[in-house]
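Taking it in order: structure first as structure tokens, then the write-up.
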Amino acid sequence: MSRATRPLRLLRRVPRTSGAVRTYVLVVLLGFCGISILELVREQTGTPGFFVGLGLALLPVAPLMAAFHWVGRAAPHPWRQLLFCFGWGACAAALIAILANSFATQWIAAATADPSDADQLGSVAIAPVVEESAKAAALLLVFLFRRRQFSGPADGFVMAGFTAIGFAFTENILYLGNAFDEDVANGTGVLNSVTAATFFVRGVMSPFAHPLFTVATGLGFGAAALTARRTRRIGLPLLGLASAMGLHALWNSSSDLGESGFYVVYGCVMVPAFGLLVWLAVWIRRRRLRAVAGELAVYAAAGWLSPAEVPALVSMPARSLARALARSTGGRPAGRAVALYGADAAALALLRHRARSGGSAREPDFAGRERELLRRLWLRRATAGPALSRAAVLEELLPPWFDPLGPLDGPGPGHVPQDRRQVPPDRGPALSALPAPRRPGEAGAAGPGSRRSDPVPSARPAGPR
């Protein structure tokens with residue numbers, strides 16, 4: 001290695017090293033917070049109550065995770081990021097909340113004559129502010145250091161949901177463990193126990209409460225990712241956080257509104273809000289799938305995807321079937337290649353959708369990011385393309401007259417040469433211009449450094465919008 005190239009090699013390693021250091025610090029921090037919060041909960045509930053609460057609190061976690069993961073399946077997030085959000089909510093946010101709430105309640109009790117006033121004020125005024133702010137910190141970290149993962153409200157929706165699920169999990173251990181200790185002290189039967197009543201309220205009637213609150217914050221961050229104005233980038237998350245605090249305070253105050261207060265708030269506020277949450281989840285998912293379909297149609301017309309791949313990539317059953325078909329012939333590595341191909345294709349479509357909507361101000365590195373995603377697609381296309389095309393046929397996503405195995409180099413715009421898979425990923429044409437793939441050395445082919453002045457092509461998507 002020459003002396004001239006050695007500094008460049010070292011500079012290229014800096015981002016990876018700093019990213020690894022951040023990951024290590026976060027893992028250590030979450031581990032420390034997790035051990036601390038679990039020990040605090042065990043001290044309050046006792047060891048038997050802790051394990052009973054832990055077992056019961058786990059029951060609603062998997063269904064809630066599956067529901068929020070379903071919303072984001074069109075462009076799935078890396079599981080390590082979702083697990084970070086869950087871990088932050090379960091460990092760091094829960095530890096901050098239990099310490100801050102205890103300190104605030106003790107301070108209010110010392111300043112007032114009636115301790116019950118301290119509990120009521122802490123539940124309605126202190127807990128919502130502390131807890132929602134602690135949960136919002138996870139979204140803020142992703143927004144600041146992984147801005148690319150925030151492509152819109154759908155990403156804020158999913159990450160907020162996972163953060164809130166983690167927080168509710170730890171909080172449920174505390175409530176259920178204390179209820180079990182009370183039942184043991186009173187000798188209460190199982191059917192009439194406080195534990196059963198607590199689990200019914202928190203695990204059956206309102207497992208969506210914390211996700212419902214924090215989703216408001218997530219939507220604020222998601223909307224902020226779509227704007228270039230600084231005031232909106234700051235104001236939208238704060239507006240979402242304020243909405244989350246308001247809903248949380250209203251829910252906590254239901255027990256202080258008389259005997260029927262809980263049922264009134266639950267029936268008039270929480271149930272309609274939950275219905276709105278479900279409708280919003282379905283609408284966000286469909287809107288994202290339409291955006292992915294429309295943008296991938298442009299890449300298919302340019303020859304980077306086959307026409308049969310597009311309907312398969314925007315159908316979750318077809319994606320699952322394609323992974324199964326690939327695993328049956330190529331094993332688990334082939335199935336994973338199909339999964340990564342689908343994730344990269346969705347990321348590519350959303351990247352173009354954002355850039356086409358906001359221009360270079362929103363995606364200043366559009367060409368470079370697009371080039372990288374297309375390179376990754378070409379590396380896996382030999383494995384993923386046939387599986388997706390076959391899945392599209394089996395799922396009846398193609399018109400009867402369409403032949404996915406027909407000639408590929410016929411006349412017409414966007415035709416693809418027969419040897420298109422021989423194009424090296426790093427020697428192809430100017431990717432940001434979206435031409436049809438060409439052989440190296442063919443007339444019109446460009447090197448990896450060529451680029452249009454406009455980062456987004458002016459061609460409009462041929463698919464649904």
Side-chain angles (χ1 to χ4, degrees), residues 26-27 29-72 77 79-102 127-128 130-139 141-142 157-181 195-215 217-218 244 248 251-252 270 274 277:
L26 283 175
V27 170
L29 174 63
L30 291 181
F32 172 78
C33 292
I35 294 173
S36 301
I37 187 62
L38 291 178
E39 179 60 23
L40 287 175
V41 172
R42 191 196 64 81
E43 289 179 358
Q44 295 190 27
T45 62
T47 302
F50 172 79
F51 284 106
V52 171
L54 177 63
L56 293 175
L58 278 172
L59 295 179
V61 169
L64 289 171
M65 278 187 168
F68 279 92
H69 184 252
W70 175 85
V71 177
H77 294 80
W79 270 106
R80 62 180 179 273
Q81 185 182 75
L82 298 179
L83 291 178
F84 160 74
C85 292
F86 178 86
W88 182 276
C91 301
L95 180 63
I96 293 171
I98 195 172
L99 294 177
N101 288 338
S102 299
V130 171
E131 294 176 9
E132 295 306 323
S133 298
K135 288 182 285 184
L139 305 178
L141 289 174
V142 178
F157 191 101
V158 174
M159 286 187 279
F162 271 77
T163 305
I165 293 169
F167 184 88
F169 165 69
T170 303
E171 189 179 64
N172 285 341
I173 298 175
L174 177 62
Y175 279 92
L176 292 166
N178 286 331
F180 178 79
D181 285 346
T195 305
T198 303
F199 178 77
F200 179 75
V201 172
R202 302 186 66 86
V204 178
M205 290 186 65
S206 59
F208 56 85
H210 274 289
L212 176 62
F213 308 147
T214 314
V215 158
T217 307
H248 198 157
W251 173 246
N252 285 359
M270 298 301 290
F274 176 70
L277 180 71

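- A donor-acceptor distance shorter than 3.5 angstrom exists from the side chain of S206 to the backbone of V201, with no hydrogens or angles considered.
- The shortest distance between side-chain heavy atoms of V158 and H69 does not fall below 4.5 Å.
- The shortest distance between side-chain heavy atoms of L176 and R202 does not fall below 4.5 Å.
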Under the side chain to side chain contact (heavy atoms under 4.5 Å, CB included) criterion, do E131 and N101 qualify, and how do the steps go?
CA-CA 9 Å; E131 294 176 9; N101 288 338; 3.3 Å; yes
Could you check H210 against W251 for ring pair (Phe, Tyr, Trp, His ring centres under 6.0 Å), going step by step and ending with a plain yes or no?
CA-CA 10 Å; H210 274 289; W251 173 246; 9.4 Å; no
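- To the nearest 0.5 Å, atom OG1 of residue T195 and atom CG of residue N178 are 9.5 Å apart.
- In this structure, M205 CE and F199 CZ are separated by 13.0 Å, a value rounded to the nearest 0.5 Å.
- Between F180 and G49 the shortest heavy-atom distance is CD2-CA, 3.6 Å.
- Side-chain atoms of W88 come within 3.5 Å of backbone atoms of A134 as a donor-acceptor pair (strictly under, hydrogens ignored).
- For the pair P60 and G203, the tightest heavy-atom approach, listed with the atom from each and the gap, is CB-O, 4.2 Å.
- Rounding to the nearest 0.5 Å gives a distance of 11.0 Å between SG of C91 and CD1 of I96.
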With side chain to side chain contact (heavy atoms under 4.5 Å, CB included) as the criterion, how do F50 and Q44 come out once you've worked through the C-alpha distance, each side chain's angles and the decisive distance to 0.1 Å?
CA-CA 9 Å; F50 172 79; Q44 295 190 27; over 6 Å; no
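- In this structure, the side chains of F32 and V27 stay at 4.5 Å or more apart for every pair of heavy atoms.
- Within the 4.5 Å cutoff, no side-chain heavy atoms of E171 are placed close to those of I98.
- Side-chain atoms of K135 and T163 form no donor-acceptor pair, as typed in the model, at a separation below 3.5 Å.
- When all heavy atoms of F167 and A97 are compared, the closest pair comes out as CE1-CB, 3.7 Å.
- In this structure, CG on L58 lies 10.0 Å from CG on N172, to the nearest 0.5 angstrom.
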Audit row: F86, F162, ring pair (Phe, Tyr, Trp, His ring centres under 6.0 Å) steps and yes/no:
CA-CA 5 Å; F86 178 86; F162 271 77; 7.4 Å; no
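- Residues L56 and F51 are not in side-chain contact: their nearest non-hydrogen atoms beyond the backbone lie 4.5 Å or more apart.
- Residue F68 comes nearest to P211 through the heavy atom pair CZ-CB, 3.6 Å, listed as atom of the first residue, atom of the second, then distance.
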L277/F157 under side chain to side chain contact (heavy atoms under 4.5 Å, CB included): CA gap, chis, key distance, verdict
CA-CA 10 Å; L277 180 71; F157 191 101; 3.5 Å; yes
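- In this structure the side chain of F169 never reaches within 4.5 angstrom of the side chain of L64, judged on heavy atoms.
- When side chains are defined from C-beta on, L82 does not count as touching M65, because their heavy atoms never get closer than 4.5 Å.
- In this structure, I173 CD1 and L54 CG are separated by 4.5 Å, a value rounded to the nearest 0.5 Å.
- In terms of heavy-atom proximity, A100 sits nearest to V130 at CB-CG1, 3.6 Å.
- The shortest distance between side-chain heavy atoms of F84 and L141 falls below 4.5 Å.
- Rounded to the nearest 0.5 Å, atoms CD1 (I165) and OG1 (T214) are 10.0 Å apart.
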